[in-house]
There are 2 protein chains.
Amino acid sequence: MRNNTIGSLIWLRLMRFTNQSNQMSNEFLKRFDLTTAQFDVLIQIRTYQPLTQMELAEKVTVTQGGISRMLTRLEKEGYIVRKQDWKTKTISLTEKAEAIMEQVMPEQLAFQTSFFDDVLSEEEQKTLYALMSRVHKHSEKKEIPPE
Amino acid sequence: MRNNTIGSLIWLRLMRFTNQSNQMSNEFLKRFDLTTAQFDVLIQIRTYQPLTQMELAEKVTVTQGGISRMLTRLEKEGYIVRKQDWKTKTISLTEKAEAIMEQVMPEQLAFQTSFFDDVLSEEEQKTLYALMSRVHKHSEKKEIPPE
DNA sequence: CACCATCACTTGACTAGTCAAGTTAAAAAT
DNA sequence: ATTTTTAACTTGACTAGTCAAGTGATGGTG
């Protein structure tokens, strides 16, 4: 058996690229005292607030435990508030986070966009998006092969 | 300013997909008592052994510190050996790891490949690979915009 | 030959996440 | 009205990684 398929080459590229661009995004966001993961969570809260931890966890595809820890950090930094509301905790942004996001969002958008705008035409980007959408959607309903 | 560009949509898909498929890969590799990160490192060692930690770190795009920790774990599990050799540490696989890799490699290759083979034609996969290669290569020489 | 720089690696303090067991408060059942 | 169940969240023990300060052996220079 040969030890490479197109699929496995794509997989590797994808992993290395996301890893790399994630680090660069962290470096970029450092000027706002944010990490990529934090930005991602704050964006979701801003869009859907008020919401519960369960809902948020699902949106950012992290476990319950992961979101709990992340929110503890964000709360300590004064970006969000959680209030016990019935048996659920309702999350919303503070003024501080609201203000920061207003400033960061357009910059981060431009930063992300530049990874693609710099090297691909509009048409190519559409193709890439379409292909990745199909791959992603398929992966969501994929099952792990049995032992 | 609108809050989405094609680029940012691609970015999100890429992040979510790699995150998702990484978790699935971890689940898959559990039967061999390996994680995706460990498999990735072992593959590189197998291909280039004997090599130094610096070289390895670069191949898997992790920092010096990261590779040091990873190798400590792999050594504890008996997968690799490090021997002080001049002022460098030379890494190589143990028999145990060699045997496991022989078994895991084709399965993991098939697993990775299935993410794409299931939904894209050969032609589409080539297109996706070409586009991602360009994006990835560009990102490697990209600079973080100044403050 | 002693001293200092340098290179390869390690380590302490973090972020970010996983899983599984442990809380806690409201709902349902007896 | 007390007990049990359940849903939402937390936490302990890990993996995986970052950065920056700390080792330790090698090798050049005064």
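Quick note: numbers below take in every heavy atom, side chains included, and nothing from hydrogens, waters or symmetry partners. Since this is a predicted model, take the numbers as computed values, not measurements. Each chain gets a letter, A, B and so on, in the order the sequences are listed, and its residues count up from 1.
Atoms CE (B/Met70) and C1' (C/dT10) sit 16 Å apart, rounded to a whole Å. Protein atom CG of B/Leu71 is 11 Å distant from nucleotide atom C1' of C/dC9, rounded to whole Å. Going from atom CD of B/Gln20 over to atom C1' of C/dT18 covers 15 Å, rounded to whole Å. B/Leu74 places its CG atom 8 Å from the P atom of D/dA16, with the value rounded to the nearest Å. At whole-Å resolution of the value, CD1 in A/Ile67 and P in D/dA7 are 20 Å apart. For the pair B/Gln64 CD and C/dT11 P, the interatomic distance rounds to 13 Å; values are reported in whole Å. One interatomic measurement links the two molecules: CZ of B/Phe28 to C1' of C/dT18, which rounds to 20 Å at whole-angstrom precision. The distance from atom CG of A/Asp33 to atom C1' of C/dC14 is 14 Å, rounded to the nearest whole Å.
One finds the CD atom of B/Glu95 at 15.0 Å from the OH atom of B/Tyr79 (value rounded to the nearest 0.5 Å).
When each of A/Ser68 and B/Glu77 is assigned the nucleotide of DNA chain D with its nearest heavy atom, A/Ser68 is the one assigned upstream, toward the 5' end. Closest-nucleotide positions on DNA chain C for B/Asn19 and A/Lys76 were compared, and the one nearer the 5' end corresponds to A/Lys76.
Using modelled atom types, no side-chain atom of A/Ser25 and backbone atom of A/Ser21 make a donor-acceptor pair closer than 3.5 Å.
Heavy atoms of other residues, nucleotides or ligands lying less than 6.0 angstrom from CD of A/Glu98 number more than 12.
In this structure, the nucleotide among D/dC9, C/dT10, D/dG17 sitting nearest to the side chain of B/Arg82 is C/dT10.
The phosphate of D/dT10 (OP1 or OP2) has no side-chain N or O of A/Thr72 nearer than 4.0 angstrom. A close approach under 4.0 Å does occur between a side-chain nitrogen or oxygen of B/Gln53 and OP1 or OP2 of C/dT10. In this structure, B/Gln38 reaches the D/dA16 phosphate: one of its side-chain N or O atoms is under 4.0 Å from OP1 or OP2.
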Could you list the donor-acceptor pairs under 3.5 angstrom formed by side chains in residues 10-17 of chain A, with sequence neighbours left out?
unit_1  : atom_1 : unit_2   : atom_2 : d
A/Arg13 : NE     : B/Ser133 : OG     : 3.3
A/Arg13 : NH1    : B/His136 : ND1    : 3.2
A/Arg16 : NH1    : B/Asp40  : OD2    : 3.1
A/Arg16 : NH2    : B/Lys59  : O      : 3.4

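Nearest approach of A/Ile91 to A/Leu71, heavy atoms of both residues: CD1-CD1, 3.7 Å. Annotation for B/Leu29 and B/Gln108: closest pair CD2-OE1, 3.5 Å, computed over non-hydrogen atoms.
Within the 4.5 Å cutoff, side-chain heavy atoms of B/Arg46 are placed close to those of B/Met105.
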All N/O pairs under 3.5 Å across the protein-nucleotides 19-23 of chain C interface:
none

